[in-house]
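To keep things clear, I will list the structure first and then write my remarks on it.
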Amino acid sequence: MADNSMIPFIKRAKRPPTITTERADSTAVLAMSILVIVACLPLLRFFHWQITLFLFCIAALRLISWRWSAALPSTGLRAVFTLTGIANCLYSNHTLVGLDGGAALLATMMLLKLLELNTKRDLRIVAILIGFLVVIQFLFDQSLLLTLYCSLIFFGMITLLIEFNDGFSDTNHWKTALRLAGYFSIQALPIMLCLFLLFPRLNAPLWNLGLDSGQAMMGMSDHMEPGAISELAVSGELAFRARFEGAIPPVNQQYWRGPVLWHMDGRRWSPLATTGTFTTQIEVMEKPVRYDIILEPTQQKWLFALDIPVTVPATAQRNADLQLLAHDSIDKVYRYQVQSVFNYRLNEPSAARRALGLQLPHNITPRMRELVASWQQHATNDWELVQHGLAFFSREQFYYTLLPPRLGLNPTDEFLFETRQGFCEHYASAFALLMRIGGVPARVVLGYLGGEFNALGGYLMVWQSDAHAWVEVLIAERGWVRIDPTAAIDPARIDHSSASQLLNAGQSARFHLDHTNVFAQWARQIRVLADTVNAAWQNWVLDFSAQDQLMLLEQLGFGAWKEYGLAILMVMTVALTLGLTVLGLLRQRPLLTPLEAHYVCFCRRLARVGLVRQSYEGPRDFGQRVIKERPELTEFVNGFLAVYIPARFGTQTSNQIVQQLAQLLRHFHPHQPLLQRVFTRLKKH
C-alpha cells in the first residue's frame with residue numbers, strides 16, 4: 001500500500017463549515033437584560049454594599065452599551081470584570097458557597113453574562129438561568145408579595161423564550177408570545193396545585209435545610225437600658241399574631257411576658273445567667289384562657305405568653321421566672337399553643353432569689369434614698385410603699401415621650417430628679433430600683449402590651465411598636481405582683497408629637513389613643529388587610545406540612561395508605577390533569593392569523609345562506625361555485641378573493657390589506673332567496 005504522504009497532490013479533506021448561530025436582536029438583548037436586572041432586585045437587600053455597587057455598575061454598563069455599542073467591553077476586559085466580581089464576592093462573604101456566598105456569586109455571574117449576549121443561544125441560556133435566580137429568592141424570603149413578584153418574572157421569562165423562536169421583526173409577535181405564555185401558565189396551574197397538595201413533603205421546608213443567611217432580625221433584646229425599647233416603638237415590624245378561643249381579654253390584661261431581668265449595673269439591666277426550671281406551684285383562681293400564637297423569626301429562644309402561662313408547648317420549657325423558652329432558636333415562623341391565667345397566686349421564692357431581688361448598683365444616690373425614706377414614713381407594709389411609688393409618678397411632672405433628653409453616668413437619678421422625661425424602660429428601671437431601696441424585692445419584665453385586633457382575620461396583631469417593660473414586686477402572701485409604673489402617668493403628660501407619631505408607628509394600646517385622621521384610618525385598614533392576607537398565606541401555604549397531607553388523605557378516605565397513598569393519588573391526579581389538558585388542546589381551534597380569520601368569516605357568512613365550503617375546495621374553486629349558484633354575489637366574491645388570494649399565498653402581507661378585507665366584510669351580509677327560505681322551513685317541519 002502506497003504511503004499517502006509520498007503523494008503530494010492528494011489534498012486533505014476540508015472540515016465541514018460550522019453552522020453559524022443566529023445573532024441576537026438588540027431589542028431581545030435589552031428585554032433580557034431588563035428581566036435579569038429585575039430578577040436581581042429583591043436579592044440586593046441581603047447583599048453587602050460592595051456586591052450591590054458592583055452589580056449596579058455592570059447593569060448600568062449593559063444598558064449604556066445597548067444605546068452606544070462602543071461602550072461594550074472587550075473580551076479581555078470582561079475577563080477582568082469576572083475576576084473582580086469573584087474577588088468581590090469572596091471578600092464580602094469570605095466564601096463562594098452557602099446561602100449568602102452562592103447567591104451573590106450567581107447574581108454576579110448572571111449580570112456579567114449580560115455583557116456577552118451575542119446569539120440567540122446566549123439568550124436562551126440566560127432565560128433558563130433566571131429560573132435558578134428566582135428560586136434562590138425563596139431561600140431568603142417566602143412572603144406572598146415576593147411570590148407574586150417572582151411569578152411575573154417567570155411569566156416574562158416564558159414570554160421571551162416564546163418570542164426568541166420567532167424574532168422581533170413583527171410587532172404582532174409580542175401579542176402572540178404574551179397570549180401563548182398566558183395559555184401555558186393557565187395549563188400549568190392544575191399540575192402545580194396537584195404537586196403542592198400531594199407531593200410527599202419533608203418535615204422541614206426545602207428553603208430551611210440548614211442554610212442561614214445570617215441576617216439580623218428586628219426584635220426584643222434580653223437586656224434593657226435607656227433607649228432600648230424606644231427603638232422598637234418606631235418599628236412597623238410584626239412581632240406575632242394571637243388567636244383566642246373565645247373572647248379576647250381586655251387591654252389591661254394583655255401583658256405578653258418575655259425576658260425577666262434581675263441584674264442592674266447602674267445603667268443596664270440583664271437576666272440571670274441561668275434560672276433553672278419552674279418548680280413553684282401556681283394556685284389558679286380562674287379558668288385558663290387558651291390561644292394560639294404565630295411568632296415571627298427572632299433568632300432567640302424566648303416565647304411570649306400572657307402573664308402568666310400555666311401550660312408549656314411540647315417544644316419548649318418554662319423556667320423559674322415563668323418565661324417560656326423554645327428548645328432551639330426561632331429562625332422561622334413558630335406556631336404554638338398555650339394557656340394563661342390572670343388571677344393566680346405564687347408561693348414565696350427562696351431566700352437566694354429574694355436576695356437577688358434586693359441587689360443595688362453602686363450609683364444609688366442619697367436623694368434617691370431620702371425619697372424612699374419619705375414614703376416609708378407613711379407606709380405600714382410593702383404594698384403601701386408600692387402605692388406611694390405609683391402616686392409619686394402620677395403626682396409629679398413626669399412626661400412620657402420617645403425623645404427623652406440624653407442621660408449621663410447615673411441615668412436613674414437624672415431621670416427621677418432632673419429630666420423626668422422618658423419611655424417605659426425609664427419608668428420601669430427607676431421604679432424597680434426605688435422598691436429595692438425600700439426593701440421590696442423587684443425585677444423588670446420585658447414583653448409587649450396590647451395589640452391591634454384584626455376583624456377580618458379574627459386575631460390580635462402584636463407589633464414591635466407594642467414593646468413594653470414593667471415591674472414585678474414580691475408581696476407577702478401574694479408572691480410576685482405585676483406593677484406598671486408607666487400606666488400611672490397622667491394621660492395629659494403624654495407627648496403625642498414624639499417619634500412614634502412622626503414615624504407613623506402604631507400607638508401603644510395602653511394609652512387608648514384614637515385615630516381621628518382619615519388618612520391614618522385608611523392606612524390602618526390597608527395594614528389590617530395586608531396582614532390578613534399574609535396570615536392566610538402563612539397558614540395555608542407556608543405551614544402546609546406532611547401532617548396536613550395525611551389529614552387530607554384521611555378526608556379523602558385514603559388514610560390507611562399513608563405515604564404510599566400520597567404517591568398513588570399524586571400520579572393519578574397528575575395523569576388525569578395532563579389527560580384533560582391534552583384533550584382540551586386537541587379540541588382547541590388552531591390560532592388564526594388576521595388574514596385567515598377574515599377568510600373564515602367570509603366562508604361562515606356564505607354558509608348561513610346555504611353555501612357551505614367543502615374541505616377539498618380552495619378559495620378559487622369555492623368562489624367559482626358561489627358565483628355559479630348565486631350570480632348576484634359575483635362582484636363581491638371576485639373583489640374579496642382578488643385581495644385575499646395574493647396576500648394569502650403570496651410573499652407580502654400588510655396591515656393595509658388586512659384592513660381592506662375587514663372593510664369589505666363589514667358590508668357583506670348575503671341573504672337567501674325567498675323561495676329557498678320557504679322551502680327550507682317546510683323541510684324542517
Side-chain angles (χ1 to χ4, degrees), residues 223-230 259-272 349 353-446 468-476 480-490 493-495:
H223 65 274
M224 186 188 75
E225 58 183 314
I229 298 181
S230 57
V260 179
L261 312 181
W262 291 81
H263 292 302
M264 173 56 164
D265 61 3
R267 185 175 184 88
R268 177 187 178 110
W269 286 85
S270 58
L272 296 176
R353 285 195 168 269
R354 184 181 181 89
L356 287 174
L358 292 173
Q359 289 181 346
L360 292 171
H362 65 280
N363 57 354
I364 298 297
T365 60
R367 55 181 176 178
M368 295 173 63
R369 295 184 183 275
E370 292 175 2
L371 176 63
V372 176
S374 65
W375 300 343
Q376 290 175 326
Q377 294 177 359
H378 302 87
T380 59
N381 53 45
D382 292 345
W383 184 245
E384 290 186 3
L385 184 66
V386 170
Q387 299 305 315
H388 280 290
L390 293 176
F392 171 74
F393 285 111
S394 178
R395 181 181 64 254
E396 300 297 330
Q397 295 297 311
F398 284 92
Y399 291 87
Y400 177 94
T401 177
L402 290 182
L403 297 175
R406 185 179 299 274
L407 300 176
L409 297 178
N410 196 335
T412 304
D413 181 82
E414 294 180 23
F415 167 71
L416 286 173
F417 301 103
E418 296 178 13
T419 63
R420 294 192 171 186
Q421 299 180 35
F423 195 54
C424 61
E425 67 261 38
H426 297 82
Y427 294 95
S429 176
F431 187 85
L433 288 180
L434 292 175
M435 290 300 102
R436 288 187 177 188
I437 294 174
V440 181
R443 59 190 184 184
V444 176
V445 182
L446 301 181
H468 191 48
W470 60 92
V471 179
E472 288 183 341
V473 295
L474 185 60
I475 303 299
W480 292 103
V481 179
R482 181 181 68 240
I483 302 295
D484 189 355
T486 312
I489 304 173
D490 188 344
R493 296 196 299 269
I494 298 175
D495 181 14

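Hydrogens, waters and symmetry mates play no part in the numbers below; they use all other heavy atoms, side chains included.
Distance check: Glu425 CD to His223 NE2 gives 10.5 Å after rounding to the nearest 0.5 Å. The CZ atom of Arg267 sits 10.0 Å away from the OG atom of Ser429 when rounded to the nearest 0.5 Å. Taken to the nearest 0.5 Å, the CZ atom of Arg420 stands 12.0 Å off from the CD1 atom of Ile489. Going from atom CD1 of Ile475 over to atom CD1 of Ile483 covers 7.0 Å, rounded to the nearest 0.5 Å. The distance from the CG atom of Leu407 to the OG1 atom of Thr412 is 8.5 Å, given to the nearest 0.5 Å. The distance from atom CD of Glu396 to atom CG of Leu371, rounded to the nearest 0.5 Å, is 8.5 Å.
The minimum heavy-atom distance between Ala432 and Ala442, with the atom names listed, is O-CB, 3.8 Å. Nearest heavy atoms, Met435 versus Leu385: CE-O, 3.9 Å. The shortest non-hydrogen separation linking Asp484 to Leu390 is O-CD2, 4.5 Å. Nearest approach of Pro361 to Met264, heavy atoms of both residues: CB-O, 3.5 Å. Residues Gly357 and Arg436 come closest through the heavy atom pair O-NE, 2.9 Å. Across every non-hydrogen atom of Pro271 and His263, the tightest pair is O-CD2, 3.8 Å.
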Q.
Could you go through Asp382 and Val473, starting from their C-alpha distance and side-chain angles, then the distance that decides it, and tell me whether this counts as side-chain contact (heavy atoms from CB on, under 4.5 Å)?
A. CA-CA 9 Å; Asp382 292 345; Val473 295; over 6 Å; no
**Q.** Verdict with supporting geometry, Trp269 and Leu433, side-chain contact (heavy atoms from CB on, under 4.5 Å)
**A.** CA-CA 11 Å; Trp269 286 85; Leu433 288 180; 4.0 Å; yes
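Listed for the Asn363 side chain is no donor-acceptor partner under 3.5 Å among the backbone atoms of Asn410. Glu472 contributes no side-chain N or O that, together with a main-chain N or O of Val445, makes up a donor-acceptor pair within less than 3.5 Å. Judged by distance alone, with hydrogens and angles left aside, the side-chain atoms of Gln421 form no donor-acceptor pair with the main-chain N or O of Pro405 at under 3.5 Å.
Using a 4.5 Å cut-off on side-chain heavy atoms (C-beta onward), Ser270 and Asp265 make no contact. At a threshold of 4.5 Å between non-hydrogen side-chain atoms, the residues Leu416 and Asp413 do not count as touching. Side-chain contact between Leu360 and Met368 is absent, with no heavy-atom pair separated by less than 4.5 Å. Looking at heavy atoms from C-beta onward, Thr419 lies out of side-chain contact with Pro404 at the 4.5 angstrom threshold.
For the ring-ring contact (aromatic ring centres under 6.0 Å, His included) test with Tyr427, the passing option among Phe415, Phe392, Trp470 is Phe415; the others fail.
More than 12 heavy atoms of other shown residues, nucleotides or ligands fall within 6.0 angstrom of atom CZ in Arg367.
The aromatic rings of Trp262 and Trp480 stand perpendicular to each other, their planes meeting at an angle above 60°, with 30° marking the opposite boundary. The aromatic rings of Phe431 and Phe393 sit tilted relative to each other, their planes meeting at an angle between 30° and 60°.
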